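Heads up, the thing below is written out as structure tokens.
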Amino acid sequence: MKTLRIHNTLGNNLEEFKPIDPLNVRVYACGPTVYYYAHIGNARMAVVNDLLIRFLKTLYPKVTYVSNITDIDDKIIAASQKNKIPIKELTEKYTKIYNEDMSVLGVKQPDIQPKATDYIKEMINLIEKLIENNFAYEKDGHVLFHVPSFKNYGMLSGRNRDEQITGSRVEVAPYKKDPTDFVLWKPSPSPLPGWESPWGLGRPGWHLECSAMSEKTLGLPFDIHSGGADLIFPHHENEIAQTCAAHKNNDDLKSFAKYWFHNGFVNVEGEKMSKSIGNIKLVHDLVKEYKGEVLRLTLLSAHYRQPLNWTRDIIKQNSTMLDRFYRTLKDLEKVDAYAEKNEIEERIINGLYDDLNTPKVIAELNMLTNGINNADVKTKQKIKFNLLEIGKIFGILQKNPDTWLGYGQSKNINQDTIERLIKDRNEARRNKNFDTADEIRKKLKKEGVEIEDTSEGTIWRSI
RNA sequence: GGCUCGGUGGCAGAGUGGUUAUGUAGGGGCCUGCAAAGCCUUGCACAGCGGUUCGAUUCCGCUCCGAGCCUCCA
């Protein structure tokens, strides 16, 4: 059997994927903090992980995919205060919208979607273990992880403690023993959201929730831990430290997760998305303008670790490509999808085995479909099979081609009217009255209806 | 300042020590009354400078440029 090779941030290497338990592959992806609409960068993480999961599911009998919702955090508190909405209402609202928007992009719900606030007990438990193992200490109501006590700290992100201190631009809080120590628990006096703990009313630090939730939902160690590249430091570095130290596995970083999988950033028109530039692309807006599948293919059009420059142009390019694939499927409407051994062509699927090289797969798919004209039935069956099967993994091409291309569906104009106009036009054409015929065609186009004269008569689609 | 990662044709984007993907846009053509779709065809691409090599876009070094992280961020 071919083996999947994926890039492991831990070690910064391409590695063969060998599941801990082949009967149940376990993946945890750091999900969104729900204080506002998700942007296209959040979507890239969700789509890339969805692809990974779909592919893994073709390789292993069972895959458990956990992706959390962080529903307690300073940004959430700030948004709640600013908008005068209770935290719970705010987080529930944006959790719902997140799931809806991702679903438009073809992202399947994770098997488990834990919420941080449901795991406070586990977090407190983890902190107690860390204190007990001398990796954490309490000071002024804060509990901090003592970074110098964890000698492998920095292995994931490839930085050492000294560099970090020199490069640090942050003021060191007085309750820290060491400038690199990070907060596990902090005081949270009313009216801020707080939970009872051995260290008083407080709330968890940022990194703790993922350590608690992943351990509780998947068990340790699990196979893949993923997220956006910006989470490598400090978020994932800290997660590793917390979890490994809590279980006294500080020499074995893989006792938490074996593979660390990170996707690259999305830039917008060549610039980083940022509030100050005001160029944040929200999925919620994009789905109003483009089909989810187009956005999804666009997100997969670059290799997942490369930066992706989000422009109108690439959306258009991917939209065109998708139309062409659907047109091919339409041409193959009467052909069965069939391939020998029920397998995707090797040269196509190999791209996925090779660290999810989606652009390579797309290129191979194009080459395959280009041969359709002088293809025999068997080849046509194979082409259709490959398109649909890759489509399943990519999360595209599963719709009815006619529906996708808009055949027989009108938005602005009544179908009978269209049919009547087409009839009139064909009448005019018969009489070589081409001016009239062209006028009718233009009129329909204005209404968003495009007609095509085929050997089997005139057909139309809404564009 | 430190640590990463990149610079491929108008644009997007893989890949490779020698045969120069793929898509899209553009040019030319076929088909069509015209369109649409499709098909054919076309394009001095691998940042610069050195080095290794019979040969480098691919390996090494340096330079320039860009991005990310080091602070909340997917």
Side-chain angles (χ1 to χ4, degrees), chain A residues 9 12 29-33 35 38-49 73-75 78 154 157-160 162-171 180 206 226-235 237 262-267 270-275 280 298 301-303 305-309 311-325 327-328 330-331 351 354 357-370 372-374 405 425 428-430 432-435 437-439 441-442 444-445 449-455 458-461 463:
Chain A
T9 310
N12 197 20
C30 281
T33 302
Y35 62 102
H39 55 63
I40 194 67
N42 301 88
R44 188 181 194 189
M45 172 265 155
V47 166
V48 164
N49 277 280
D73 168 276
D74 288 2
K75 288 192 296 295
S157 55
R159 63 190 81 209
N160 68 49
D162 295 341
E163 281 160 7
Q164 225 187 292
I165 295 167
T166 1
S168 181
R169 283 177 259 152
V170 212
E171 244 178 89
T180 58
W206 172 35
S226 64
D230 56 324
L231 294 183
I232 296 170
F233 190 89
H235 188 55
E237 196 73 72
H262 293 100
N263 62 274
F265 262 58
V266 179
N267 296 319
E271 286 184 299
K272 180 180 170 166
M273 268 194 287
S274 78
K275 277 181 189 157
I280 294 182
T298 304
S301 67
H303 182 87
R305 280 190 285 126
Q306 293 302 121
L308 179 69
N309 191 18
T311 62
R312 282 194 98 77
D313 203 41
I314 64 160
I315 304 172
K316 178 78 182 62
Q317 286 182 19
N318 284 284
S319 172
T320 304
M321 180 152 49
L322 217 38
D323 283 353
R324 207 161 33 75
F325 281 143
R327 225 170 250 288
T328 303
K330 181 172 168 57
D331 291 345
D354 185 15
N357 192 340
T358 51
K360 185 73 174 26
V361 174
I362 294 167
E364 291 292 346
L365 225 43
N366 275 306
M367 280 189 266
L368 180 79
T369 54
N370 283 344
I372 198 166
N373 281 323
N374 27 17
L405 295 165
R425 173 171 167 273
R429 290 170 73 209
R430 256 196 301 282
K432 304 234 187 282
N433 196 350
F434 294 125
D435 285 348
D438 287 352
E439 224 161 88
R441 182 163 51 70
K442 279 178 198 153
L444 281 166
K445 184 118 186 183
V449 173
E450 189 171 79
I451 53 180
E452 297 171 30
D453 297 321
T454 73
S455 53
T458 304
I459 55 175
W460 60 274
R461 58 187 279 253
I463 50 171

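Worth saying up front: this structure is predicted, and the values here are computed from it rather than measured. Values reported hereafter were calculated over all heavy atoms of this structure, with side chains retained and with hydrogens, waters and symmetry mates removed. By convention in this document, chain letters (A, B, ...) are assigned in the order of the sequence lines, proteins followed by strands, and residues within each chain are numbered from 1.
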Minimum side-chain heavy-atom gap A:Asp354-A:Lys360 below 4.5 Å = no
Taking atom C1' in both B:A45 and B:U22, what distance in whole Å separates the two?
-> 14 Å
What is the distance from NE2 of A:His235 to P of B:C70, rounded to the nearest Å?
-> 13 Å
Whether each nucleotide of nucleotides 20-33 of chain B has a protein heavy atom under 4.0 Å at its base (B), only at its sugar-phosphate (S) or at neither (-) is summarised, 5' to 3', as -BSBS--------B
Residues that A:Asn267 engages under side chain to side chain donor-acceptor pair (under 3.5 Å), provided they are two or more places apart | none
Atom CD of A:Glu439: over 12 foreign heavy atoms under 6.0 Å | no
Assign each of A:Ile40 and A:Gln306 to its nearest nucleotide of RNA chain B by heavy atoms, then name whichever residue's nucleotide is nearer the 5' end.
-> A:Gln306
Donor on one side chain, acceptor on other, A:Asn49 and A:Ser226, under 3.5 Å = yes
What integer number of Å spans the P atoms of B:G38 and B:C5?
-> 42 Å
For B:G51 and B:A56, measure between their C1' atoms and round to the nearest Å.
-> 12 Å
A:Asn263 has its side chain closest, among B:A74, B:A14, B:G13, to B:A74
Spacing between A:Asp354 atom CG and B:G15 atom P, to the nearest angstrom = 7 Å
Among A:Thr298, A:Asn366, A:Leu365, which residue meets the side chain to side chain contact (heavy atoms under 4.5 Å, CB included) test with A:Met321?
-> A:Asn366
Measure the distance from CG on A:Asp230 to P on B:A67 and round it to the nearest whole Å.
-> 17 Å
Expressed in whole Å, how much space separates the P atoms belonging to B:U53 and B:C65?
-> 31 Å
Say you pick atom P in B:C40 and the same atom in B:A47; how far apart are they, in whole Å?
-> 31 Å
Residues passing the ring-ring contact (aromatic ring centres under 6.0 Å, His included) test with A:Trp460, sequence neighbours excluded, are none
Mind checking which stems touch RNA chain B? I mean at least 3 consecutive Watson-Crick or G-U pairs, both distances under 3.5 Å.
-> B:1-7 with B:64-70, B:10-12 with B:22-24, B:26-30 with B:38-42, B:47-51 with B:59-63
Could you tell me which residues satisfy side chain to side chain contact (heavy atoms under 4.5 Å, CB included) with A:Ala437, sequence neighbours excluded, listed by chain and number?
-> A:Arg425, A:Ala428, A:Arg429
What residues form a side chain to side chain contact (heavy atoms under 4.5 Å, CB included) with A:Ala46, not counting sequence neighbours?
-> A:Tyr98, A:Met102, A:Val107
Taking for A:Asn373 and for A:Asn12 the nucleotide of RNA chain B with the nearest heavy atom, the one nearer the 5' end belongs to A:Asn12
Would you classify A:His39 as touching base, sugar-phosphate or nothing, given that sugar-phosphate means primed atoms plus P, OP1 and OP2, and contacts are heavy atoms under 4.0 Å?
-> base
Phosphate OP1/OP2 of B:C73 contacted by A:Trp206 side-chain N/O (<4.0 Å) = yes
Atom-to-atom span, CG of A:Asn374 to P of B:C39 - whole angstrom | 11 Å
Interatomic distance at P, B:C73 relative to B:U20, whole Å | 48 Å
Would you mind telling me which of B:G13, B:C69, B:C72 lies closest to the side-chain atoms of A:Lys75?
-> B:C72
Heavy atoms only: give me the nearest A:Cys30-A:Met45 pair and the separation to one decimal.
-> O-CE, 3.4 Å
Between CD of A:Glu450 and C1' of B:C34 the distance, given in whole Å, is 13 Å
Pick the P atom in B:U52 and in B:U57, then give their distance to the nearest Å.
-> 15 Å
Which part of the nucleic acid, if any, lies within reach of A:Gly228 when heavy atoms closer than 4.0 Å are counted: base, sugar-phosphate only, or nothing?
-> sugar-phosphate
Would you classify A:Gly264 as touching base, sugar-phosphate or nothing, given that sugar-phosphate means primed atoms plus P, OP1 and OP2, and contacts are heavy atoms under 4.0 Å?
-> base
For atom CG of A:Leu365 and atom P of B:A14, their distance in whole Å = 16 Å
Taking all heavy atoms of A:Thr9 and all of A:His262, pick out the closest pair and write down the distance.
-> OG1-ND1, 2.6 Å
Once you round it to whole Å, what is the distance between P of B:G13 and CG of A:Asn309?
-> 7 Å
Between B:U8 and B:U41 - P atom distance, rounded Å = 28 Å
Salt-bridge test for A:Arg441 and A:Asp438: reply yes if a basic N is under 4.0 Å from a carboxylate O, no otherwise.
-> yes
Base, sugar-phosphate, or nothing for A:Lys272, non-hydrogen atoms under 4.0 angstrom?
-> base
Nearest-angstrom distance from the residue atom CG of A:Leu231 to C1' of B:C69 = 11 Å
